[in-house]
Amino acid sequence: MESKKLTRSNDRMLAGVCAGIAEYFEIDPTLVRVCYAALSIFSAGFPGLLLYIILMIIMPQKEW
């Protein structure tokens, strides 16, 4: 059985963070992107932006 690894996706809008999370949980990337946008808007933008930047740095790029 192959273990899952959380990586940034090649199906990207910016850095592939949201699509990588969607691939890990096997859900639609658009749903994750909408939830992220709602989180950013309702939290005055800063925490959502900071979280995205941290994940962009921490999550490794998906290897082919």
Side-chain angles (χ1 to χ4, degrees):
M1 188 167 161
E2 188 177 322
S3 64
K4 288 184 178 182
K5 187 174 179 183
L6 182 59
T7 58
R8 288 187 287 149
S9 176
N10 292 321
D11 173 28
R12 58 180 61 191
M13 292 292 250
L14 292 176
V17 173
C18 291
I21 292 170
E23 287 176 2
Y24 184 80
F25 289 110
E26 298 176 358
I27 57 176
D28 185 29
T30 305
L31 180 64
V32 176
R33 290 175 181 136
V34 168
C35 289
Y36 167 74
L39 171 73
S40 294
I41 290 169
F42 292 121
S43 65
F46 183 72
L49 180 62
L50 184 62
L51 177 65
Y52 194 89
I53 292 170
I54 290 170
L55 288 174
M56 184 174 65
I57 294 168
I58 293 174
M59 289 173 64
Q61 180 64 38
K62 186 178 208 175
E63 296 178 11
W64 284 96

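Atom set for the values below is all heavy atoms of this structure, side chains included, hydrogens, waters and symmetry mates excluded.
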Checklist entry - Under a 4.5 Å side-chain heavy-atom rule over Ile, Leu, Val, Met, Phe, Trp and Tyr, are I54 and F46 clustered together? => result yes

Checklist entry - Is it the case that one hydrophobic cluster holds both V17 and L39, taking links as side-chain heavy atoms less than 4.5 Å apart, direct or via other members? => result yes

Item to check | Results of side chain to side chain contact (heavy atoms under 4.5 Å, CB included) for L14 - residues two or more places apart only | outcome: Y52

Item to check | Nearest atoms (heavy-atom pairs only) where G48 meets Y36 | outcome: O-OH, 3.0 Å

Checklist entry - Which heavy-atom pair separates G20 from L6 by the least distance, and what is that distance? => result O-CD1, 3.8 Å

Next on the checklist: Between R8 and M59 (side chain of the first, backbone of the second, donor and acceptor by atom type, cut-off under 3.5 Å), is there such a pair?
Outcome noted: yes

Do [X] and [Y] have side chains that approach each other closer than 4.5 Å (heavy atoms only, starting at C-beta)?
X: I21; Y: L55; result: yes
X: N10; Y: R12; result: yes
X: D11; Y: P29; result: yes

Checklist entry - With T7, which residues qualify under side chain to side chain donor-acceptor pair (under 3.5 Å), at least two apart? => result none

Next on the checklist: Quick check on M56: does its CE atom have over 12 non-hydrogen neighbours (other residues, nucleotides or ligands) under 6.0 Å away?
Outcome noted: yes

Checklist outcome for this item: Here the salt bridge (charged side-chain N to carboxylate O under 4.0 Å, His left out) pairs for residues 18-37, sequence neighbours left out, are K4-E26, E23-K62

